[in-house]
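Atom set for the values below is all heavy atoms of this structure, side chains included, hydrogens, waters and symmetry mates excluded.
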Amino acid sequence: LQNGADKITTSGPYTTKSLIKHGLRMSITSIINGIDVTNIHPISQKERADARTRLKLDKDDKVVLCISRLEPGKGIDKLVLGFIQVAQKIPQAKLIIVGNDATNETLSLILHVRKQYKLDDKVFYYPGEYDIRKYHAAADVFCYPALAKGMAVVEAMAAGLPVVGKKTIRKPFVVVDQVSGLMTKPSARFPID
C-alpha cells in the first residue's frame, strides 16, 4: 500500500490510529462522515401526525428513536434494558428501534425483553431501510447508546431531534455534552432480572 499511494484518507481517526499502529507511515487524513443538510427541511406538524398514524402511535406518546446496526458494541441491548425503567416511569413512552441484525443476537434480546416485561405495546422493531424520515418525524428524541460518532446521529440532529447517548471511552466527534446533546456517565448500568 505504501508503494502505491502518496496519501490516504480515512473515515475517522480510529482508522488512522489503527493504520499507524500497524506500521503505515505516510500522510493520512481523517474526515468524519457528514451529510448535506441543504435539502433537509423541518418536519411539519402534518408530517409528524402522518408518521405517527403510519406507525400506530398516539399523538401524546413520548417516542424514543434509535437507528443503528444491531450488533454487539453498539449498546442497543443496553438501551432496551434501560427502557424497562423508562416505561415504568413514563406510561406514554415508546421505543422504536430501526436496524438490521446479521446475527439475530440483539434482535433476540429485544424480543425477549418485550415479552418478559410485557412491553409489546411499548418497544417496536423495524428492519433497516433508507427512508428514515418517517421515523424521525414520529420521534421526540433520538437515542444512540455509543455516541462516539455515527451517521445516524448526524441525520437525527439534521432532522431537528434532540440526541441522548452514553459517553464512551472514545472522544465524541458529533455530540458535545450539554451543547448539541446529552450524554450519560460512562459508568451508567441498567439492571435486569
**Message:** Ignoring hydrogens, what is the shortest heavy-atom contact between Ile67 and Phe142? Give both atom names and the distance.
**Reply:** N-CE1, 3.5 Å

**Exercise: identify the closest heavy-atom pair between Gln92 and Lys122** = N-NZ, 4.2 Å

**Message:** If you define the side chain from C-beta out and look only at heavy atoms, does anything of Lys74 sit under 4.5 Å from Thr106?
**Reply:** no

**Request:** Determine whether Val113 and Val123 make a side-chain contact, defined as any pair of heavy atoms from C-beta on separated by less than 4.5 Å.
**Result:** no

**Request:** Indicate yes or no for a side-chain donor-acceptor contact from Asp61 to the backbone of Lys94 under 3.5 Å, with no hydrogens or angles considered.
**Result:** no

**Request:** Kindly give the heavy-atom pair with the smallest separation between Pro145 and Gly75, and that separation in Å.
**Result:** CG-O, 3.3 Å

**Request:** For a ring-ring contact (aromatic ring centres under 6.0 Å, His included) with Tyr135, tell me which candidate from Tyr125, Tyr130, Tyr126, Phe124 qualifies.
**Result:** Tyr126

**Message:** So Leu70 and Ile110, do their side chains get closer than 4.5 Å, heavy atoms only?
**Reply:** yes

**Item:** Contact check, side chains of Leu109 and Glu105, non-hydrogen atoms, under 4.5 Å
**Value:** no

**Message:** Return the NE2 to CG distance between His112 and Asp77, rounded to the nearest 0.5 Å.
**Reply:** 12.5 Å

**Message:** So, taking the atom named CD in Gln45 and the one named CD in Glu47, what distance separates them when rounded to the nearest 0.5 Å?
**Reply:** 10.5 Å

**Fill in**
Interatomic distance, OG1@Thr53 vs NZ@Lys46, rounded to 0.5 Å, equals 9.0 Å

**Complete:** Between Lys59 and Arg52 the two heavy atoms that sit nearest each other are O-NH1, 3.3 Å

**Asked** Under the 3.5 angstrom rule, does the side chain of Asp140 hit a backbone N or O of Val63 as a donor-acceptor pair?
**Response** yes

**Message:** As an exercise, state the distance from OH of Tyr117 to CG of Leu81, rounded to the nearest 0.5 Å.
**Reply:** 7.5 Å

**Asked** Of the non-hydrogen atoms in Val98 and Leu65, which two are nearest, and what is the gap between them?
**Response** CG2-CD1, 4.2 Å

**Item:** Spacing of CG belonging to Asp120 relative to CZ belonging to Arg114, to within rounding of 0.5 Å
**Value:** 4.5 Å

**Message:** Using 0.5 Å steps for rounding, measure from the OG atom of Ser18 to the CD1 atom of Ile28.
**Reply:** 9.5 Å

**Message:** Would you say CZ of Arg48 has more than 12 non-hydrogen atoms from neighbouring residues, nucleotides or ligands within 6.0 angstrom?
**Reply:** yes

**Message:** Side chains of Leu95 and Val86, heavy atoms from C-beta outward: is any pair under 4.5 Å?
**Reply:** no

**Prompt:** Which heavy atom of Leu79 sits nearest a heavy atom of Cys143, and at what distance?
**Reply:** CD1-SG, 3.6 Å

**Item:** same_hphob_cluster(Leu55, Leu161) at 4.5 Å side-chain heavy-atom cutoff
**Value:** yes

**Request:** May I ask you to check whether over 12 heavy atoms, not counting those of Glu71, lie within 6.0 Å of atom CD?
**Result:** yes

**Request:** May I ask you to test the Arg133-Ile43 pair for a side-chain heavy-atom distance under 4.5 Å?
**Result:** yes

